[in-house]
Amino acid sequence: MSTQPLLSEPDHIEEPQKAQEYWDLVSRVAATHHPVIIRHSGADMVAVIAVEHLELLQEMVAQQEAERLAAQVDWAHAAQTSPPPQKWFTGDEPKPF
C-alpha cells in the first residue's frame, strides 16, 4: 500500500457532483492516506482524511487537554493533602516510579 506523509499538502478538488465521484474519492483517500479538501464554489468546505489520521488528531487533542488540565493542578499541595496509599509501595510487583 502506498502511503503519503501525514504532513503532506492535501489535494483540493471541487465538490463532486455524483455519488460515485464521492465513493471514488473515499476509496482514493483510504488507499493512499493522502488527505483531500473538498471545495464548494471555490471555498474550502470539508476534509476527507484516513481514519488513522483522525485517530492521531484525536490523540493529539486529548494530550493537549491533559496537559492543559495538569497545568492547573497545584501538585505540591495535592501531594501533601492526597498522598498515594501506602499499599502502592509494598509488594513485589513492578512500580511505575
Side-chain angles (χ1 to χ4, degrees):
M1 167 176 34
S2 167
T3 61
Q4 298 290 324
L6 184 57
L7 294 177
S8 63
E9 185 66 27
D11 294 335
H12 291 78
I13 65 166
E14 278 299 316
E15 182 179 20
Q17 298 302 306
K18 299 177 183 172
Q20 185 59 48
E21 292 172 347
Y22 272 105
W23 285 115
D24 292 345
L25 173 63
V26 169
S27 296
R28 181 176 116 196
V29 171
T32 65
H33 293 218
H34 187 77
V36 174
I37 295 176
I38 298 175
R39 292 178 169 163
H40 178 74
S41 299
D44 292 348
M45 188 171 60
V46 297
V48 180
I49 62 172
V51 171
E52 294 85 358
H53 292 175
L54 174 62
E55 291 168 351
L56 287 172
L57 289 170
Q58 290 172 320
E59 288 175 21
M60 289 171 44
V61 169
Q63 178 68 33
Q64 288 176 343
E65 180 65 7
E67 290 172 2
R68 184 187 69 76
L69 292 172
Q72 296 175 358
V73 174
D74 180 350
W75 292 106
H77 182 264
Q80 291 175 352
T81 59
S82 301
Q86 186 60 36
K87 67 181 181 178
W88 285 10
F89 301 99
T90 60
D92 295 332
E93 71 279 351
K95 306 287 189 268
F97 39 84

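Along the sequence shown, residues are numbered consecutively beginning with 1. What you see is a predicted model; the values in this text were computed from it and never measured.
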Check: Ile13 and Ile38 side chains under 4.5 Å, non-hydrogen atoms: yes

Donor-acceptor pair between Glu59 and Gln63 side chains, under 3.5 angstrom: no

Verify same cluster id: Val36, Met45 (apolar side-chain graph, 4.5 Å): yes

His34 side chain vs Ile49 backbone, donor-acceptor pair below 3.5 Å: no

Joint cluster assignment, Trp23 & Val29, ILVMFWY side-chain distance < 4.5 Å: no

Over all atoms of both residues, closest heavy-atom pair of Glu93 and Thr90: OE2-O, 3.1 Å

Tyr22 and Glu15, any side-chain heavy atoms less than 4.5 Å apart: yes

